[in-house]
Protein chains: 2
Amino acid sequence: MTGYAGRSEPRRMLSLLWREDPPPRPGPKPALTVDAIVDAAIELADARGMDGVSMRAVGERLGRTGMALYSYVPGRDSLTELMYDRVHEELAAAPGSSRPWRAAVSDWADRLLAMHLRHPWTLRVSFARPVMGPHEQSALESLAVALEDTGLPPSSRRGVVAALFHQVRGTAATVAEARAAAAVTGQTDRQWWSRRAAALRQVVPDFVERFPATVRLHADPEPVTEDDGPFLEAPARRAYRRGMSMLLDGVAAAVADHSESPG
Amino acid sequence: MTGYAGRSEPRRMLSLLWREDPPPRPGPKPALTVDAIVDAAIELADARGMDGVSMRAVGERLGRTGMALYSYVPGRDSLTELMYDRVHEELAAAPGSSRPWRAAVSDWADRLLAMHLRHPWTLRVSFARPVMGPHEQSALESLAVALEDTGLPPSSRRGVVAALFHQVRGTAATVAEARAAAAVTGQTDRQWWSRRAAALRQVVPDFVERFPATVRLHADPEPVTEDDGPFLEAPARRAYRRGMSMLLDGVAAAVADHSESPG
DNA sequence: TGGCGACTCCTTACTTCGTAAGCTAATATA
DNA sequence: TATATTAGCTTACGAAGTAAGGAGTCGCCA
């Protein structure tokens, strides 16, 4: 069961996240640091995926046994949360705060998407119960700042925040999955897809008659023009752009509506 | 590593999903059926979560050992996909096809959300690589039908489909997480939250000064008036409604724009 | 300054998981 | 009827998280 935040003692976990330095204590000097452990775990996760991050593997990477880590970190889930907060450091603050809200928000989402794609294992940590670490918080803060320029009330802004997170995380999951499957099965995603389609034609020969609207939905595929990645990745990225643009259109409409008759 | 579709032989998996009945074969008569196994697994998953669904546990529920299941199903991941497709049966087809697209789409999303909340373990199966079972397909078909009434081109419709899935799945994950945490920790989500807030105040006393926009974002909480569930569940549901409404506003704008100047 | 006690890190062991291997008994087809 | 093939069992392997306990190390107070 990975991905549930807040299972352990909240005080201990928050203390770790915010790097409260502990008072000097008796006993041998710690040879490791939480940061070193988290770094090693992130390297492992980036290279081999979250399943490659076992306590033993992380310990081994640091020249220790797996059990040695338990002096620094309550357990594996807590380590995951620490990793999660850490990579949010990469989300640099928005350049200038004087840009129009739409550009700022759209940029923010793109940067979050890029972060998730650099570290796909972050998608295993649920957005539901925020980890509430410093870097995650400051990422949220910069979005919150951008959204205040809309003039919308807090309740509406919360709706936008949730929608943005869902859109970004869903897209990231789709793209990451396509990549992972390609890596695991050893075949390109195009091969994977064509094999699957051939098998489907065999098993369900009347697919076109039974699901006509679905077939029409996938008609008219656009050529891959830009750098939106390999075969299966491209449609996900285009859908992301379109979905985001429609969502922001809706937000803009709400902004116009609200500035006409505020309150 | 749960949740990756299409790991096993695609032909075998599709044959299982679409219930191709195999030709009579030598050997003892099978005492079980795939359906019985899938049903047992779903009951277990609903009751104890996906972690309660081990091959041994499912076998035991059917009076067999875990290994007995491998005659029917290639492995655990495949079983998960079968479970996933099965519960999509609950997504009844949309009532009348003559309703306006917005109502039809909104209803569809609500029904999908309800399904995910009845079976939160479905969220472990990625939307990225569709399982392509019969029930999942017919759920997608009814959405595709509703979207054709918009008159939007396929590429735009695909964007809407993706956005809808992301919103629904993200919301479902949020709500499910709140429920799971309450069940696991034994404390109500209100207790969980207040403890966490207290701990945060201790560890980061200057939180309000450091993250003012975040604090303002969470200001002005609305009273829980309707049946949107317990404490932490309510904001997720309200955010869902607001987000969905803004998204559909954006779609409506695109519809208006497109019917003015099609092509 | 001596020693108490808390600490780090190790080894060992327990549990649970998915599933590979190989056995026996049952059965459709030649 | 002989044979090949299957279902379902037992056994076992490797990997996972982590509990338990011991050995050595150091801060703090008498």
Whichever of B/P26 and B/M67 has its nearest DNA chain D nucleotide further upstream toward 5':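 Result of the comparison: B/P26.
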[atom1] of [X] versus [atom2] of [N]: gap in Å, rounded?
X	N	atom1	atom2	value
A/R64	C/dC9	CZ	P	6 Å
B/D77	C/dG18	CG	C1'	10 Å
B/R48	C/dT16	CZ	P	13 Å
B/M50	C/dC17	CE	C1'	14 Å
B/L69	C/dC17	CG	P	13 Å
A/M55	C/dC10	CE	P	13 Å
A/E60	C/dC9	CD	P	16 Å
B/R56	C/dT16	CZ	P	10 Å

Quick one: label B/Y70 by what it contacts on the DNA or RNA (base, sugar-phosphate, nothing), any heavy atom closer than 4.0 Å.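 Result for B/Y70 = base.
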Look at all strands and tell whether A/S54 reaches a base, only sugar-phosphate, or nothing, counting heavy atoms closer than 4.0 Å.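 Sugar-phosphate only.
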Without hydrogens or angle criteria, can the side chains of B/Y72 and B/D35 be said to hold a donor-acceptor pair below 3.5 Å?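 No - no donor-acceptor pair under 3.5 Å links their side chains.
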Write down the atom of [X], the atom of [Y], and the distance for their closest heavy-atom approach.
X	Y	value
A/A172	A/H116	CB-CB, 3.6 Å
B/V161	B/L143	CG2-CD2, 3.9 Å
A/P205	A/E209	O-OE1, 4.4 Å
A/D51	A/R124	OD1-NH2, 3.4 Å

On DNA chain C, does the nearest nucleotide to A/G66 precede the nearest nucleotide to B/V53 from the 5' side, or the other way round? Give the residue.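 Nearest-nucleotide comparison on DNA chain C picks A/G66.
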Are OP1 or OP2 of C/dA28 and a side-chain N or O of B/R25 less than 4.0 angstrom apart?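 Answer is no, no contact under 4.0 Å.
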Going 5' to 3' along DNA chain D, between which two nucleotides do contacts with chain B fall, using a heavy-atom cut-off of 4.0 Å?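 Contacts span D/dT5 to D/dA12, reading 5' to 3'.
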If you check every side-chain atom of A/Y72, which of C/dC9, C/dT19, C/dA25 has the closest atom?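 Minimum distance to the A/Y72 side chain belongs to C/dC9.
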Identify which one of A/T80, A/V58, A/I42 satisfies the side chain to side chain contact (heavy atoms under 4.5 Å, CB included) criterion when paired with A/V53.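 Only one of A/T80, A/V58, A/I42 forms a side chain to side chain contact (heavy atoms under 4.5 Å, CB included) with A/V53, namely A/V58.
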Mind checking whether B/R210 and A/Q137 have side chains closer than 4.5 Å, heavy atoms only?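 No, side chains not in contact.
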